[in-house]
Asks: 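Please see the structure below; I have some questions.
Letters go in sequence order (proteins before strands), and every chain restarts at 1.
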There are 2 protein chains.
Amino acid sequence: MARSIATDLDEFDLKILRQVQVDNQTPQRVIAEKIGLSPPAVARRLQHLKDAGYIRNNIAVLNETAVGRPLTIIVHVATENERLDLLDAMKDRFNRCPQVQQCYYVTGEMDFILILNVRDMTEYNELTRTLFFEGGNVRSFRTCVSMENVKTYGPVPV
Amino acid sequence: MARSIATDLDEFDLKILRQVQVDNQTPQRVIAEKIGLSPPAVARRLQHLKDAGYIRNNIAVLNETAVGRPLTIIVHVATENERLDLLDAMKDRFNRCPQVQQCYYVTGEMDFILILNVRDMTEYNELTRTLFFEGGNVRSFRTCVSMENVKTYGPVPV
DNA sequence: CGTGAAAAATGTTTCGG
DNA sequence: CCGAAACATTTTTCACG
């Protein structure tokens, strides 16, 4: 979990980040001429941005619908007990579950917010059993079904 | 918004998807030998997967903390009125806001769930003004601050 | 730190099965 | 559709300003 404040990034770095965040397959040559730098300079900066942890990873974003997981479900989970080891066990459980695409530990009445990618309601029902009922330390959970994923994986403003 | 059921994907395609979803900079040669195919075959399949919409895009995932947006905030928004044009206006507003990383239109009491990347609470406070108070059609909203992003950008199970 | 050119690696096209 | 080989592009390296 890096913590540095974005302070050693100049305008060139920011422009590179803005670009690769939207499309990381743009040739460095193209980025270079767009921002007025040489291709090797872009390469060096990209390498640094990755090594220094500004770029966490490079991925292909799938169309969940096309790939057979058309249902996005958002679940709010309230815990029974806030003991650290129990919380860690829950985080582990959520982390390891392939259908859990995102998991946040949050302030407020609800302790976890999960975003799931599932095939259908049947799969979700089965998941609730293993994840919440049998999993332990779950006081209650509330289910929201996404009718429309208005925005997904938007770029971080830099 | 693609809709096809994942039916014309064979095991090779799935293996390719599993790989690029975690790292799309793996050389096609490496993918090829991993799954027992030739590099051109992998290239052709990747091209098809993109053209056919299975792969939505290829991006670099930034470390929001390192890049100066350390705060993840999840907001639940309830609408005043469910008229279609008003809802569309809201979607537009959320979509265009750079700090809104994700936006879901959901069933239940709360109509929108937003995930924001912001610099600090001051920025969030200002955002709430333009996004919720002045934006219109917002009955109420509830704010959750993420204390830990336990899992982000998890792969879709394929 | 940028440049330019050579070298290495990667990606693409062609074409015969 | 695949794979092997030719081909094109991109990335990396390096000597130099």
Asks: Closest nucleotide of DNA chain D for A:Ala43 versus for B:Phe12: which of these residues is on the 5' side?
Replies: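 The residue mapped nearer the 5' terminus is B:Phe12.
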Asks: Please check this pair: side chain of B:Arg129 against backbone of B:Glu134, looking for a donor-acceptor N/O pair closer than 3.5 Å.
Replies: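 Looks like no, no N/O pair under 3.5 Å.
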Asks: Under 4.0 Å between a side-chain N or O of A:Arg44 and OP1 or OP2 of D:dT11?
Replies: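 No.
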Asks: What is the distance, rounded to the nearest whole Å, between atom NE2 of A:His48 and atom P of C:dG2?
Replies: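 The distance from NE2 of A:His48 to P of C:dG2 comes to 13 Å, rounded to the nearest Å.
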Asks: Flag the pair A:Phe133 / A:Phe141 as yes when their ring centroid distance falls below 6.0 Å, and as no otherwise.
Replies: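 Between A:Phe133 and A:Phe141, the centre distance is under 6.0 Å.
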Asks: If we check side-chain hydrogen bond (donor to acceptor under 3.5 Å, both in side chains) with A:Asn24, which of these qualifies: B:Asn58, B:Asn57, B:Asn24?
Replies: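 Answer to the side-chain hydrogen bond (donor to acceptor under 3.5 Å, both in side chains) test with A:Asn24 among B:Asn58, B:Asn57, B:Asn24: B:Asn24.
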Asks: Rounded to the Å, how far apart are B:Arg45 CZ and C:dT13 C1'?
Replies: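 Going from B:Arg45 (CZ) to C:dT13 (C1'), I get 18 Å.
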Asks: Contacts to DNA chain D from residues 20-37 of chain B, heavy-atom cutoff under 4.0 Å, which residues?
Replies: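 Those residues whose heavy atoms fall under 4.0 Å from DNA chain D, taken from residues 20-37 of chain B in numerical order, are B:Leu37.
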Asks: Once you round it to whole Å, what is the distance between C1' of D:dT12 and CD of A:Gln47?
Replies: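 Computing the A:Gln47:CD to D:dT12:C1' distance gives 11 Å.
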Asks: So, is A:Ser38 close to the C:dG2 phosphate, meaning a side-chain N or O under 4.0 Å from OP1 or OP2?
Replies: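 Answer no for this pair, as no side-chain N or O of A:Ser38 is under 4.0 Å from OP1 or OP2.
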Asks: Answer yes if the side chains of A:Glu64 and A:Asn117 hold a donor-acceptor pair under 3.5 Å, and no otherwise.
Replies: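 No, no side-chain donor-acceptor pair sits under 3.5 Å.
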Asks: To the nearest Å, give me how far apart CD1 (A:Ile16) and P (D:dT11) are.
Replies: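 Checked: the CD1 to P distance equals 12 Å.
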Asks: For the side chain of A:Pro40, counting heavy atoms from C-beta on, which of C:dG2, D:dC2, C:dG4 is nearest?
Replies: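 For A:Pro40, the side-chain atoms sit closest to C:dG4.
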Asks: Hey, does the side chain of A:Lys151 reach the backbone of B:Asn95 with a donor-acceptor pair shorter than 3.5 angstrom?
Replies: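 Checking the backbone N and O of B:Asn95 against the side chain of A:Lys151, a donor-acceptor pair under 3.5 Å is found.
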Asks: Between C:dC1 atom C1' and A:Asp13 atom CG, what is the distance in whole Å?
Replies: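 In whole Å, C:dC1 C1' lies 13 Å from A:Asp13 CG.
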Asks: Under 3.5 Å, is there a donor-acceptor pair between the A:Gln102 and B:Gln102 side chains?
Replies: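 There is such a pair (donor and acceptor under 3.5 Å, judged by atom type) between the side chains of A:Gln102 and B:Gln102.
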